[in-house]
Student: 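One structure, as structure tokens, below. Some questions next.
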Amino acid sequence: MSRSNVLFSIVLIMAAPLVPGCKKSEPGPAAAAPEFRWQVDQFADLRILRYQVPGVEALTPSQKELVYYLSEAALCGRDIVFDQNYRHNLTIRKTLDAIVEGYKGDRTDPRWDKFMAYVKRVWFSNGIHHHYATDKFLPEIEPDYFAGLVKGSEGAAFPAAAGQSLDEFIAFLQPILFDPAVDAKKVSQDSSRDLVVQSAVNFYEGVTQAEVERYYEKVIDPKDETPVSYGLNTKVVKKDGRVAEIAASIDGMYGPAIKEIVFWLEKAAGVAENDRQKQVIEALIKYYRTGDLNDFDEYNILWVGDLDSRIDFVNGFIEVYNDPLGRKATWESLVNFKDLEATKRADLISANAQWFEDNSPVDPKFKKKEVKGVAAKVITAAMLGGDCYPSTPIGINLPNANWIRVNHGSKSVTLENITYAYNQSSLASGFGPEFTASPEELDRSRTYGGQAGNLHTDFHEVLGHGSGQLLPGVSSEALKNYHSPVEEARADLFALYYIMDPKILELGLLPNEDAAKAEYDANIRNGLLTQMTRIQPGQTIEQAHMRSRALVSQWVYEKGMPENVISRIEKDGKTYFVINDYRKLRTLYGRLLAEIQRITSEGDYEAAKNLVEAYGVKIDPELHAEVLARYAKLNLAPYAGFINPVYTPVTDGSGKIVDVKISLPEDYVAQMLEYGKKYGFL
Ligand code: ZN
């Protein structure tokens with residue numbers, strides 16, 4: 001429920017130069033030499049970019065030391081996410097790494113390039129299923145060629161099981177890699193079948209959906225007003241015929257990796273900026289030691305109250321998107337520090353939180369009487385780990401536990417150096433001219449797209465997710481598999497409704513109404529047209545954020561038809577969508593926001609299902625084919641991820657760290673191989 005990924009609108013914004021008046025002084029053009037190489041690789045549907053870390057040099061030596069320790073802790077969990085995504089992922093990755101390092105045969109063979117493209121995809125997705133679509137992707141080589149690669153890598157250590165010959169090992173891997181029917185989907189959304197059994201994700205073993213649901217019904221006390229996040233850090237298995245949970249902890253599941261994480265967190269606690277931050281880190285260490293979710297809640301309450309530290313981090317089992325039942329979290333980490341200038345913008349939104357809550361078109365009984373603890377900041381990412389690497393969110397809002405958010409508040413961040421990197425890398429892309437309907441629309445996007453997109457992200461994270469309230473007795477899991485798209489739509493609609501409000505101009509958050517129009521253009525274009533570029537022919541929309549955007553755009557398009565609010569036009573055989581009446585479109589966004597808030601507040605599963613299935617899943621196959629053909633001509637990759645910087649400590653004669661140097665490597669393959677060796681603990 002709480003992170004925003006890069007939208008296609010942002011890819012278009014990328015064609016925009018920086019907007020005058022937009023507070024981007026830190027990651028601005030001065031920090032970026034024009035010859036800086038943003039994109040370092042492209043393969044399949046993926047691009048690899050670099051991000052800069054402006055301002056890191058200006059941190060104090062002990063702040064830099066803290067960033068270094070937290071960064072090491074961020075990288076130590078890499079194996080966890082591979083294993084969570086699929087039970088054979090670690091075996092596969094170790095095998096692929098060993099071939100890349102050890103293959104003695106012909107590396108100029110065109111098949112070797114295809115093999116490498118596959119390896120790069122596995123690294124990118126932290127496994128063999130697409131990081132976004134969750135479908136298994138296949139190597140574009142023959143199984144025999146693969147067998148030859150394994151046998152041609154003399155001296156390489158393959159992770160074969162005890163007593164398994166190399167031939168047996170190859171025979172074991174081949175169906176996993178090459179048979180499209182074996183574990184085809186990481187996260188199944190097909191609610192007509194068993195979601196647990198149909199999903200390859202490694203949160204469940206030998207149990208059915210019904211067994212898991214019965215298990216949690218027994219464990220959970222529905223009257224508990226401050227429940228732990230049941231099952232968040234566990235795996236559900238069958239033990240002696242009974243359903244049981246195994247928790248992650250220093251002595252439990254993923255122990256060897258967690259031990260390393262704790263090692264670095266302990267060092268971090270020793271150089272914390274203040275007592276509060278030290279307590280936060282120590283509380284996290286305690287939770288990793290016990291695996292007890294009560295300790296996780298305690299950590300979250302402390303973390304949400306740590307507002308004064310410059311440096312901050314996320315490290316743990318956080319987001320539940322990868323669990324078809326929305327309960328189990330994937331491990332992730334992000335180390336960051338506050339961008340002081342840009343945070344002033346988020347502060348302004350935060351300071352007016354109550355006004356926005358009170359004036360929304362939502363039924364008063366679903367509104368928060370008192371909006372509490374909305375803390376927002378713009379941050380500079382310093383290290384990405386686990387599920388945040390290489391593909392990373394651009395906004396995060398945590399914690400996820402509803403009662404902690406209500407009673408203690410939440411923290412919202414936008415990762416501005418990441419959006420800046422996207423922006424810069426796409427300056428030369430032909431995406432904008434291809435999909436905008438007119439020179440005016442393109443111009444609006446170039447002039448205001450970046451600024452309006454950042455404001456949308458702020459609203460989505462700072463106010464959107466935090467707005468509204470559930471009626472008493474309604475559980476935040478009531479919408480089950482429709483929870484995520486509905487929740488994302490709710491946050492987006494809050495942003496869309498307000499971005500066209502006169503209050504935005506009054507507060508100076510946007511320079512004029514054209515900037516708001518640019519955001520509406522981008523959302524309609526993305527929801528009805530361009531996000532289809534991410535979907536294979538014949539497939540439906542699966543991912544929560546994409547379902548949310550389709551749902552919102554399709555709904556307003558349909559409801560606006562009688563008054564021609566949005567028209568679909570064709571020029572030279574190309575389809576475009578044009579907004580004719582921005583005011584009426586805003587009213588439609590408001591209507592849908594009110595309905596979606598009602599659905600959320602009442603836990604109306606049937607209505608959520610109907611809305612998502614009717615507007616958020618299906619794609620018109622003809623339009624889809626047209627968009628894919630137009631997109632293919634541009635030779636762009638729709639998804640991007642990042643290489644991390646490298647921090648190297650500088651010590652004095654006694655071994656004490658006196659400074660930390662940053663470098664920005666360019667070699668994706670080298671970084672992945674190094675991570676495999678240095679952080680391979682499982
Ligand atoms: Zn969100």
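Each ligand, and each atom within it, is numbered from 1 in the order the structure gives. Quick note: numbers below take in every heavy atom, side chains included, and nothing from hydrogens, waters or symmetry partners.
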Student: For Tyr204, enumerate each residue passing the ring pair (Phe, Tyr, Trp, His ring centres under 6.0 Å) test, keeping only those at least two apart in sequence or located in another chain.
Tutor: none
Student: Is it true that some N/O/S atom of Glu487, main chain or side chain, lies under 2.8 Å from the Zn ion (ligand 1)?
Tutor: no
Student: Classify the angle between the aromatic ring planes of Tyr615 and Trp555 as parallel (below 30°), tilted (30 to 60°) or perpendicular (above 60°).
Tutor: perpendicular
Student: Could you tell me whether the Zn ion (ligand 1) has an N, O or S atom of His545 under 2.8 Å away?
Tutor: no
Student: Using the test side-chain contact (heavy atoms from CB on, under 4.5 Å), find all partners of Thr587 that sit at least two apart in sequence or belong to another chain.
Tutor: none
Student: What atom name does the N, O or S atom of His460 nearest to the Zn ion (ligand 1) carry?
Tutor: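 The atom in question is NE2.
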Student: Which atom, counting only N, O or S, brings Glu488 closest to the Zn ion (ligand 1)?
Tutor: OE1
Student: Does the ring center of Phe296 lie less than 6.0 Å from the ring center of Tyr287?
Tutor: yes
